[in-house]
A.B. asks: 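This structure is in structure tokens; I'll ask about it shortly.
Side-chain atoms are counted along with the backbone in the values below, which use heavy atoms only and exclude waters and symmetry mates. Residue numbering restarts at 1 for every chain, and letters A, B, ... go by the order of the sequence lines.
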Amino acid sequence: MSENTSDNKKSVVKTRNFIHEIVEKDLLEGKNGGRVHTRFPPEPNGYLHIGHAKAICLDFGTAQKFGGKCNLRFDDTNPSKEDQEYVDSIMEDVRWLGFDWEDRLYYASDFFDKLHEFAVKLIKEGKAYVDDQPADIISQQRGTPTKPGVESPYRKRPVDENLALFERMKNGDFPNGHCVLRAKIDMASPNMHLRDPLMYRIMHAEHHRTGNKWCIYPMYDFAHGQCDYFEGITHSLCTLEFEIHRPLYSWFVDNLADSDYRPRQIEFSRLNLTYTMMSKRKLLQLVEEGLVSGWDDPRMPTISGMRRRGFTPASIRNFVEKVGITKTEGMVDVAMLEHALREDLNKNAQRVMGVINPLKVIITNFPEDKVDMVDAVNNPEDESAGTRKVPFTREIYIERDDFMEDPPKKFFRLSPGTEVRMRYAYFITCNNVVKDDEGNVIELHCTYDPASRGGNSPDGRKVKSTLHWVSATENVEAEVRLYDRLFMVEDPANQKDSDFRQLLNPESLLVLNKCFIEPSVKNAKPLDQFQFERLGYFNVDKDNSDEKMVFNRTVSLRDNWAKQMGK
RNA sequence: UGUCCCGUGGUGUAACUGGCAACACGUCUGAUUUUGGUUCAGAAGAGUCUAGGUUCGAGCCCUAGCGGGACAACCA
């Protein structure tokens with residue numbers, strides 16, 4: 001397991017982190033019979049986001065790295081918040097990211113019977129009791145982090161009475177909140193989670209899997225570690241906020257275990273991304289208040305949103321790999337994510353020409369009805385992608401940004417009197433600028449050099465730039481959606497004094513119509529990806545139809561010119 | 001006034017368990033280029049939160065501070 005050498009490039013997980021070191025050590029010491037078994041345990045109460053992707057890659061990746069297994073387990077102990085819709089989306093997202101739980105799909109609810117049995121065992125051992133006090137009293141008695149709690153008057157309730165009461169709780173004899181089952185640990189512990197934590201609460205609610213079988217449901221702490229144990233998990237990886245739960249996790253498991261085997265909880269820091277909000281609650285709010293179009297709005301940091309936006313599974317996996325796993329809480333620059341995205345797309349995206357902000361150009365010396373099919377390379381990074389034909393005609397569109405009537409010195413593109421190359425087609429020279437009554441440029445009259453077909457002049461003449469273009473008569477008209485960061489501030493989650501809704505970027509979505517794309521994209525299907533040359537990476541949105549093509553800009557190309565202009 | 005965790009260039013990580021801090025992103029040069037993309041070459045930028053200590057030698061070990069975070073849901 002120590003062959004993490006450079007020739008091990010096939011391995012999905014190339015890097016090593018502190019968790020891998022722990023696993024290696026456990027293996028070396030012969031723990032758990034040399035098994036490595038992890039799990040990804042989402043609660044089905046929302047859609048997965050990029051932060052979950054980090055956990056998924058770690059959980060599945062660690063198992064893969066050590067030849068172990070990883071389960072998918074839905075942590076469905078709170079029927080009031082959970083839903084089948086979320087279960088379905090989570091499974092789709094995990095698969096899409098490239099991971100497979102094979103036949104190991106579990107639900108915490110699969111273990112409700114065993115959990116109940118275990119609770120009864122604890123009661124019999126005098127380690128759990130039924131508390132009749134209302135929530136606010138129990139909360140009050142718990143003390144504060146700096147002040148010890150006081151014991152419940154019901155703490156010394158006899159075993160038989162506890163057993164009978166718990167049975168009645170289970171049978172539905174009591175209304176919600178009437179009483180709870182608590183573990184008897186230590187009300188004076190400096191760790192609040194050990195101050196007689198709740199194990200079960202009464203909740204008359206229909207569960208998405210167990211229906212109405214239960215009206216008591218286990219709390220997270222009374223379910224998670226035990227489920228790990230039942231499934232044979234060896235390394236239970238979770239985020240930092242559960243660190244303080246670990247002693248409780250161990251307490252329950254130690255009371256349950258009948259062998260040397262123990263699942264072990266290890267915590268790592270969650271992912272924070274600049275200009276991004278990762279809280280499930282807030283994401284739900286964005287969806288419910290219609291601030292975005294849905295969980296899969298391309299501006300959302302959800303896996304489904306990113307998928308729709310055009311992210312690839314590999315780009316997300318690579319990003320997670322680059323970010324690493326530690327216990328330090330930081331904030332990763334989205335630029336890192338975008339880099340991983342561009343890196344993958346550059347290698348794989350089909351190139352195509354599209355003009356999203358058109359300016360008409362008439363090639364005055366080009367034959368009226370001629371459709372000149374020129375050869376274009378599909379992907380300069382991948383020769384096997386081949387070439388295609390693109391129609392060049394007398395009237396074409398170029399990008400408005402590619403023309404300036406009165407350009408600054410470093411502007412290489414088209415301006416009156418200059419010659420530029422139309423990619424894969426001809427050199428053209430701008431002779432005349434046509435304006436409307438208000439002085440807006442509406443059309444350019446140019447001439448082309450017939451000898452420059454393909455993009456080179458036989459006399460070896462050079463031009464300073466190459467422009468993309470689309471025939472004004474042979475094209476596909478499309479709607480193009482441009483996206484920008486959803487939030488205007490780097491750390492929207494930490495703007496304590498302002499409502500996060502006020503931090504939303506009003507220009508996060510810009511819809512452009514009358515965009516023209518070369519005809520080759522006509523039969524593209526939702527999710528198909530392209531690079532619109534010189535503009536960025538785009539994919540076909542699910543709103544696409546035969547009547548109207550719809551593209552999303554996944555991410556722009558890096559643009560040094562725009563950067564210079566910005567200064 | 002508690003317990004636990006964290007503290008390395010702007011950002012994210014690394015440093016073979018003590019040997020004069022490396023990689024990626026970002027930034028800035030320059031070269032190449034039928035994408036102002038890609039690629040390539042190079043540069044700037046930290047002396048590792050602070051102060052002591054151990055040691056021939058400390059980012060790594062010890063002590064004390066400082067700073068940040070988590071914990072008081074019948075949420076997970």
A.B. asks: So does A/Arg558 reach the base of B/G36 with its side chain, donor to acceptor, closer than 3.5 Å?
C.D. replies: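 For A/Arg558, whose side chain was compared with the base of B/G36, there is no donor-acceptor pair (under 3.5 Å).
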
A.B. asks: Across the strands shown, which category fits A/Pro148 at heavy-atom distances under 4.0 angstrom: base, sugar-phosphate, nothing?
C.D. replies: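 It contacts nothing in the nucleic acid.
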
A.B. asks: Looking at every strand, decide which applies to A/Glu533 at a 4.0 Å heavy-atom threshold: base, sugar-phosphate, or nothing.
C.D. replies: base

A.B. asks: Under 4.0 Å, counting only non-hydrogen atoms across every strand here, what does A/Val332 touch: a base, just sugar-phosphate, or nothing?
C.D. replies: sugar-phosphate

A.B. asks: Which protein N or O atoms sit under 3.5 Å from an N or O of nucleotides 65-72 of chain B?
C.D. replies:
residue, atom, partner, partner atom, Å
B/G69, O2', A/Glu329, OE1, 3.3
B/G69, O2', A/Glu329, OE2, 2.9
B/C71, O2', A/His193, NE2, 3.1

A.B. asks: Counting any heavy atom closer than 4.0 Å, what does A/Phe427 reach on the DNA or RNA strands: base, sugar-phosphate only, or nothing?
C.D. replies: nothing

A.B. asks: Checking only heavy atoms, does the side chain of A/Glu381 share a donor-acceptor pair with the base of B/U39 at less than 3.5 Å?
C.D. replies: no

A.B. asks: Would you sketch RNA chain B in dot-bracket for me? Only Watson-Crick or G-U wobble pairs with both distances under 3.5 Å count, crossing pairs as [ ], other-strand pairs as |, the rest as dots.
C.D. replies: .((((((..((((.....[..)))).(((((.......))))).....(((((..]....))))))))))).....

A.B. asks: Between B/U35 atom P and A/Asp559 atom CG, what is the distance in whole Å?
C.D. replies: 14 Å

A.B. asks: Taking N or O atoms only and anything under 3.5 Å, show me the protein contacts with nucleotides 58-60 of chain B, one pair per line.
C.D. replies:
none

A.B. asks: Look at the side chain of A/Arg342 and the base of B/U38, then say whether one donor and one acceptor between them are separated by less than 3.5 Å.
C.D. replies: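 There is none.
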
A.B. asks: Scan nucleotides 42-46 of chain B against the protein and return all N/O pairs shorter than 3.5 Å with their distances rounded to 0.1 Å.
C.D. replies:
none

A.B. asks: Can you name the residues that form a side chain to side chain contact (heavy atoms under 4.5 Å, CB included) with A/Leu284, not counting sequence neighbours?
C.D. replies: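 Residues passing side chain to side chain contact (heavy atoms under 4.5 Å, CB included) with A/Leu284: A/Tyr86, A/Glu288, A/Trp295.
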
A.B. asks: What residues form a ring pair (Phe, Tyr, Trp, His ring centres under 6.0 Å) with A/Phe516, not counting sequence neighbours?
C.D. replies: A/Tyr397

